[in-house]
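One structure below.
Letters A, B, ... are given to chains in the order of the sequence lines, protein chains preceding strands, and every chain is numbered from 1. These figures come from a predicted structure and were not determined experimentally.
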Amino acid sequence: MMRELDINQIPSNINEEEISMEEEEEEESSNNNNNNDNINGAPRKKLRLTKQQSFLLEESFRQNHTLNPKQKEALAMQLKLKARQVEVWFQNRRARSKLKQTEMECEYLKRWFGSLSEQNQRLKKEVEELRAMKVGPPTVLSPHSCHPLPASTLTMCPHCERVTRTNVRD
DNA sequence: CTCGTCAAATAGTACG
DNA sequence: CGTACTATTTGACGAG
């Protein structure tokens with residue numbers, strides 16, 4: 001799972017028998033079998049692309065993620081496939097590289113979330129510590145008695161604009 | 001065209 | 001080894 005982080009990368013070991021430079025013709029002697037014509041009610045085997053076919057498709061995907069009808073036809077000719085098969089291959093290839101991309105973004109976001117949670121935890125702890133350093137709620141000196149009063153018990157008189165006490169004895 | 005899905009082919013694994 | 005299961009890959013197709 002997730003063994004390749006770079007989508008669109010081409011498989012690193014394409015060697016496996018010669019693949020002669022750029023644009024090649026397939027031929028695997030025993031091969032194909034490509035005929036899907038259902039002679040009789042044949043269960044009909046599913047097509048498997050040869051290494052060279054895959055390679056060529058991969059190459060052209062690398063330079064262009066979509067094909068115009070002309071390119072499609074040419075590729076199909078070259079690969080000895082139907083144009084429809086080339087078309088489908090590209091559709092699948094696009095869909096699957098998009099999926100990989102999305103999975104990678106998902107992983108990235110998960111990591112980001114993780115680090116943010118961590119940071120959040122640290123900050124909360126810091127707030128806690130800072131709060132603990134304070135002796136108590138804020139206080140002010142009473143204008144009347146000159147004694148400290150909890151700020152929460154004071155209000156501003158709307159008329160004279162002087163601080164008065166609410167509701168608590170001085 | 002994309003998206004979701006199916007199913008064949010194949011790769012990986014567990015076990016006698 | 002072989003063989004039985006499970007998981008993954010991938011060609012194909014229908015719906016929208």
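- Between A/Lys45 atom NZ and C/dG11 atom P there is a gap of 14 Å when expressed in whole angstrom units.
- For the pair A/Arg94 and B/dT2, the criterion of a side-chain N or O lying under 4.0 Å from OP1 or OP2 is met.
- Checking B/dA9, B/dT2, B/dT5 against every side-chain atom of A/Gln91, the shortest atom distance belongs to B/dT2.
- Side-chain contact between A/Leu75 and A/Phe90: present, with at least one pair of heavy atoms (C-beta onward) separated by less than 4.5 Å.
- Put simply, CG on A/Leu49 is 12 Å from C1' on B/dA9, counting in whole angstrom units.
- Between A/Arg93 atom CZ and B/dC3 atom P there is a gap of 15 Å when expressed in whole angstrom units.
- Side-chain N or O atoms of A/Gln71 include one that pairs as donor or acceptor with a backbone N or O of A/Asn68 at under 3.5 Å.
- What separates CG of A/Asn92 from P of B/dC1 is a distance of 11 Å, to the nearest Å.
- In this structure, A/Glu58 and A/Trp89 have side chains that are in contact, with non-hydrogen atoms separated by less than 4.5 Å.
- With B/dC3, C/dG11, B/dC1 as the choices, the nucleotide that has an atom nearest any side-chain atom of A/Lys46 turns out to be C/dG11.
- Taking atom CD of residue A/Glu58 and atom P of nucleotide C/dG11, one finds them 10 Å apart after rounding to whole Å.
- Put simply, NZ on A/Lys98 is 7 Å from C1' on B/dT2, counting in whole angstrom units.
- A 4.5 Å side-chain heavy-atom check between A/Lys82 and A/Glu87 finds every atom pair outside the cut-off.
- If you measure from atom CH2 of A/Trp89 to atom C1' of C/dC13, you get 18 Å, rounded to the nearest angstrom.
- If you measure from atom CZ of A/Arg84 to atom P of C/dG14, you get 8 Å, rounded to the nearest angstrom.
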